[in-house]
Every structure is written in C-alpha cells, then in structure tokens.
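Remarks on the structure that follows.
Note that ligands are numbered from 1 as they come in the structure, with each ligand's atoms numbered from 1 the same way. Keep in mind the model is a prediction, meaning the values are calculated, not measured.
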Amino acid sequence: MNISIIGSGYVGLVTGVCLSDAGHTVMCLDKDKGKIAKLNNGEIPIFEPGLGSLIQKNIGKKNLFFSSEIKSSLKESKVIFIAVGTPTSPDSDHADLSQIYSCAEEISNNLQDDCTIIIKSTVPVGTCDKVEEIISSKNSNKNFDVVSNPEFLREGSAINDFENPDRIIVGTTNKKSIDLIKDIYKRQIDKKYPIIFTSRKSSELIKYAGNSMLAMRIIFINEIADLCEKVGADVGDIAHGIGLDKRIGPHFLSAGPGFGGSCFPKDARALIESGKEYKAPQNLLKAVVDGNERRKSNLADRIINIVGAKKRVGILGVTFKANTDDMREAPSLSIIPKLLDNGISVSIYDPEAGQQEIEEFYGAEWKSDPYSVAENSDCLVILTEWDEFKELDLKKIKDIMSQPIIVDFRNIFSLNKMKDLNFEYHSVGRCTINTK
Ligand SMILES: NC(=O)c1ccc[n+]([C@@H]2O[C@H](COP(=O)([O-])OP(=O)(O)OC[C@H]3O[C@@H](n4cnc5c(N)ncnc54)[C@H](O)[C@@H]3O)[C@@H](O)[C@H]2O)c1
C-alpha cells in the first residue's frame, strides 16, 4: 500500500519506517526542510535505538522516501497519516492544534477521491470531527474518511513498541477504513496483538485516559516515597509489595523526579481542559499536575539544602528519561535553573542531549564524560537513569569529588553499596546514608 505520513518526528518517523519495513511504500513528509535533507543524506535527526539501521534497510529496498514537497505528495495520496505535534498552547493549558489544522487545510486543498486520513497525533476529543469539517468544506463532491489511531510508543523502545503493541486502537465505524487499517497493521494482527475498533471519540479519549492514568501512578508513588523518607520505610519494597497485587500490577511504580517528556504533562493538562469544556471536571488529574510541578521545584530545594549555596554540583543526565535525546518538559529544565539562581556552579553530562544551547542551562558547563562532571564537585546529582551511570567506577568518582555526596533521584544504586563505599547518599523514598 502507498502511505504518506505528515510529520516526521518521533512518532511519524518511527511509524513510517516500521510500516515500510512491513512492505508498504511510505513517503515521510515534513515541513522542516533541514530534517528532510538530513534524512535524505542518511542522517537520523533523533536518537532512537535501532532506527538508523531500519531506515537504511528500507531506503535500500525502495520502500521508504522523505520529502518536504507536501502539496504534490498529498495530491497522489489515498492513505495519509497525520503525526504532527500537539504541544500545550503558549497562552493556555489547551492542546495547541494549529499543526493539525494546518495539515487539514493542506489535505483539503489537495484531496484525492476515496482518501483515508488517519490521525496518529494525540488530539483532544472531538478533533477528528473538526478535521472532517475542514476537509469537507472544500470537498463536498469527494468521498473520504477521518480515522483516529492514537500512538502508544515510548521513546527509547519505539520500534519494539510499534511492532509489538499492547493494543492498537482505531476510531472509525466505516467498513472500508476498518479493512484498510487491518491491511496496514497486518503484521501486528498476524502476531495476535489486540486491535480494538471503537468510535472516534472513544479512541481519542483512550489515549488521554491512558497517559493520565500513568502520570497519576507516578505522582502516587512519589508521594508514598515522601512518606517513606519521613518514617524510614523503603519505597522499592512498597512498590514491589503492592505491584504483586494483580489488580495493581508492577509497572509505573518507580519513585523519581516526577514526570516529564513530550506527552504526560501536556496530555494531562489537555484532558483537564477537555473536562472543563464539557463540564466534567477532572479533579484528580488536576491534583496530579499540581503535585508534579511542586515535586520538580522541591527537588531543587532538596539539593540546595544538602549541598548549600555557592557550591559545585555535577548533573548526570538531563533528558526526561534514559534512551532518548528528548528534552521536552524534562525535570532538569526546572531543577538546574534554580541551582544556578542560587549561585551554585553546575556542570552537566548527558550521553545524548545535544542541545548545548538550551537557554535554561545558560551558565552551566557541559562536559564530555561523567568523570569530568564529578571532578572537584561537592555533590553529584543523578537525574536520568542511563545504563552508563549504573556502571560508573564509584571508587574513582569518590576520589575525584571534593566531597563524596551523591543525590540519586532514580535510585540506581543499592544502599548497601553506597554504605560500603562510604558515600553520603540521598535517594528517593529510602533512608539517607550519612557519613557524618
Ligand atoms: N513522542 C512520543 O513519545 C509520542 C508517543 C505517542 C504519541 N505522541 C504524539 O504524537 C504526536 C507527534 O509527536 P512527536 O513527538 O513525534 O512530535 P515531533 O515534534 O517530534 O514531530 C512533529 C513533526 O511534525 C512536523 N510538522 C508540524 N507541522 C507540519 C505540517 N503542517 N506539515 C508537515 N510537517 C509538519 C514538525 O516539523 C515535526 O518534525 C503528538 O501529538 C504526540 O503527543 C508522541
């Protein structure tokens, strides 16, 4: 099948590459000419494990193409995915749908008869209806269908998640679209992964409800972690103990610095706004979002209390989680500026974050390895759980630091190990190891 994808970011690119690998002929489109030029030169614009080799393989098989000639591509497309961004609006907590609506206008001006438009971006309930209205306003004489098909991949394991999904959600009642979607996802259906057909509105809401539920679990376990620290309990044992209850399950119960990334924060805010719009307040989610903001701010205070002002702090990891270069709404973006404002000198190492011009970190020093960050620092802070940090030579680290203090917001080291090495060690929801 010939497929066009508008938006070649984390979702559009992975979707395009995986569908081309399944044998479809895919044209990945993006208005960012620089990104398309890189892709056409064999460069991968994002860090995603396994993506580069899969791109090369399918370019070689002539299944995969990249272009910024959107108009001419759409004129020849009968199957169009939309995978553009839906960030929070600059002036409210609503999702900013301008990228979606500009795609709808572009499609509307270049529509082929019998076209299926599949919205993969995360969009608030009712958006597919609006896209349909925009397209039909100029195309009353043509057949087309707008389908909701939200994406659930996680950065860092995106290819595996796309190929082996927990489920595929599709919002359409149109028989032709249902058959088409089954053809697109034949590989996943053959492997017996569940595919759920529902209404467009239910499909749109499933995505938001899923992300909001996960965000809620993170905030819940973080608040339990706060209590553990006060009473001398261990949050890891609590998570294990409750996670064995089949009604709860073990996932998303890791205490840490709070949630960030390009999805949870903006999707939680957007669902709260949908609740307001339809007079169905999402009070629980509001508490989750507020709790997350408070947590990020408290973490900076915690570092300052431990190390004191005007000291040297080394930061390991600034992306919102490991195995991605994505900095969107990373906890580091609120923690590091507060440290800098308090006169703390900050040095940073991250294996993938390449945006050394990040304005929030202006004044911090970027280093090319974790040991250079540790050298002469009064405190080492672990913000992201990269495997590389778990393998650090801690004896060496201790020798080169000014004082052996580690603040680990990802609980990557065991308490016994840190006690043996005689570090002052602060982690989340566990007792503090103090050398004094
Ligand atoms: N990143 C994730 O892990 C993830 C997971 C699931 C769902 N989602 C959702 O998928 C959507 C896309 O997210 P992303 O992280 O891939 O975004 P992204 O910002 O990485 O990519 C979006 C791309 O769309 C391009 N674009 C914007 N408007 C365009 C237009 N009119 N024509 C052509 N190209 C255009 C941009 O240049 C950009 O390259 C969002 O709604 C997001 O919430 C993201």
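Side chain of Asn41 to backbone of Glu43: no donor-acceptor contact under 3.5 angstrom is found.
Among Arg302, Arg294, Arg430, Arg295, the single residue meeting the salt bridge (charged side-chain N to carboxylate O under 4.0 Å, His left out) criterion with Asp226 is Arg295.
No side-chain donor from either of Lys31 and Ser68 sits under 3.5 Å from a side-chain acceptor of the other. Side-chain atoms of Glu155 and Thr324 include a donor-acceptor pair closer than 3.5 Å.
Residue pairs meeting the salt bridge (Lys or Arg N to Asp or Glu O under 4.0 Å) criterion with at least one partner in residues 76-101, sequence neighbours excluded, do not occur; the list is empty.
A cation-pi arrangement is present between Lys207 and Phe152, with the terminal nitrogen or guanidinium carbon under 6.0 Å from the aromatic centre and inside a 45° cone about the axis.
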May I have the N/O to N/O pairs between ligand 1 and the protein that fall below 3.5 Å, each with atom names and distance to one decimal?
unit_1: ligand 1; atom_1: 1 (N); unit_2: Glu155; atom_2: OE2; d: 2.8
unit_1: ligand 1; atom_1: 1 (N); unit_2: Ser262; atom_2: OG; d: 3.4
unit_1: ligand 1; atom_1: 3 (O); unit_2: Glu155; atom_2: OE2; d: 3.3
unit_1: ligand 1; atom_1: 15 (O); unit_2: Arg328; atom_2: NH2; d: 2.9
unit_1: ligand 1; atom_1: 16 (O); unit_2: Tyr10; atom_2: N; d: 3.0
unit_1: ligand 1; atom_1: 16 (O); unit_2: Val11; atom_2: N; d: 2.8
unit_1: ligand 1; atom_1: 19 (O); unit_2: Arg328; atom_2: NH1; d: 3.4
unit_1: ligand 1; atom_1: 20 (O); unit_2: Tyr10; atom_2: N; d: 3.3
unit_1: ligand 1; atom_1: 31 (N); unit_2: Ser102; atom_2: OG; d: 3.1
unit_1: ligand 1; atom_1: 34 (N); unit_2: Lys31; atom_2: N; d: 3.2
unit_1: ligand 1; atom_1: 37 (O); unit_2: Asp30; atom_2: OD1; d: 2.6
unit_1: ligand 1; atom_1: 39 (O); unit_2: Asp30; atom_2: OD1; d: 3.4
unit_1: ligand 1; atom_1: 39 (O); unit_2: Asp30; atom_2: OD2; d: 2.6
unit_1: ligand 1; atom_1: 39 (O); unit_2: Lys35; atom_2: NZ; d: 2.7
unit_1: ligand 1; atom_1: 41 (O); unit_2: Thr86; atom_2: OG1; d: 2.6
unit_1: ligand 1; atom_1: 41 (O); unit_2: Thr122; atom_2: N; d: 2.9
unit_1: ligand 1; atom_1: 43 (O); unit_2: Thr122; atom_2: OG1; d: 3.3
unit_1: ligand 1; atom_1: 43 (O); unit_2: Lys266; atom_2: NZ; d: 2.6

